[in-house]
Amino acid sequence: MNPNKRLGVALWLIGLVVMHLLALLLPEELTAGRWATYGFALFAFFSQLLLWLWIWRAELPPGQQFLRLPLLTVSAVYLTGQVLLCLLFALLSASVKTAVLVNALFLCAMWAMELFAAVGGRHVQKTDSRQKDHHKAL
């Protein structure tokens, strides 16, 4: 395994453990709203891992690796934001409806951003291939 992949997996595991510790030990009592937010945070961690495995499934040329960078960036922002939401709801007392609504809206917004990043990457790749086909060497 590539050292960068090992480092990524190690950081992912450390983040998962820290999130568990903070989310489960920080609040005085675990309400249903806190459990809902905790579930969304776990989903964020495992969706991040699945995205990394999908992106790292094969060696890609540098140009295609660069096009996947927006997907990774949006995914990392989602993971960070979800952990912050988990900590916020661990500290605050909120109803289950509020917790699910806020987390679901955040999840939908991040999915839309992932979709936009994927569509943008495909468009850039298509435009790049068209430019290469029409380029004449000097």
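Residue numbers start at 1 and run along the sequence shown. As the structure is a computational prediction, the values presented were derived from the model and not from experiment.
Within the 4.5 Å cutoff, side-chain heavy atoms of Leu7 are placed close to those of Leu11. Counting only heavy atoms from C-beta outward, the side chains of Leu42 and His20 approach each other to under 4.5 Å. Val83 places a side-chain heavy atom less than 4.5 Å from the side chain of Phe45. Using a 4.5 Å heavy-atom threshold, the side chains of Leu87 and Met19 count as separate.
Of all non-hydrogen atoms in Thr98 and Ser95, the two that sit nearest each other are OG1-OG, 2.9 Å. Scanning both residues, Phe46 and Leu16, for their nearest heavy atoms gives CZ-CD2, 4.5 Å. Of all heavy-atom pairs spanning Val100 and Ala36, the tightest one is CG2-CB, 3.8 Å. Of all heavy-atom pairs spanning Ala99 and Gly33, the tightest one is CB-O, 3.5 Å. In terms of heavy atoms, Ala32 sits closest to Val96 at CB-CG2, 3.2 Å.
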side-chain contact (heavy atoms from CB on, under 4.5 Å) evaluation trace for Phe89 with Thr31: CA-CA 10 Å; Phe89 279 102; Thr31 62; over 6 Å; no
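By the rule that hydrophobic residues join a cluster once side-chain heavy atoms approach within less than 4.5 Å of another member, Met110 and Leu115 end up as members of separate clusters. The hydrophobic cluster containing Phe40 does not contain Leu101, counting ILVMFWY residues as joined when their side-chain heavy atoms lie under 4.5 angstrom apart, directly or transitively. Residue Trp12 is not grouped with residue Leu21 when hydrophobic side chains (ILVMFWY) are merged at heavy-atom distances under 4.5 angstrom, including chains of intermediate members.
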Using distance only, find each side-chain donor-acceptor pair of residues 47-54 under 3.5 Å and give its atom names and separation, not counting sequence neighbours.
residue: Ser47; atom: OG; partner: Phe43; partner atom: O; Å: 3.0
residue: Ser47; atom: OG; partner: Ala44; partner atom: O; Å: 3.0
residue: Gln48; atom: OE1; partner: Ser75; partner atom: OG; Å: 2.2

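Not counting sequence neighbours, the partners of Trp35 by the ring-ring contact (aromatic ring centres under 6.0 Å, His included) test are Tyr38.
Taking the six-membered ring for Trp and the full ring otherwise, Tyr78 and Phe106 have centroids separated by under 6.0 Å.
Expressed to the nearest 0.5 Å, how far CG of Leu79 lies from CG of Leu84 amounts to 9.5 Å. The CD atom of Glu114 sits 10.5 Å away from atom CG of Leu107, with the distance rounded to the nearest 0.5 Å.
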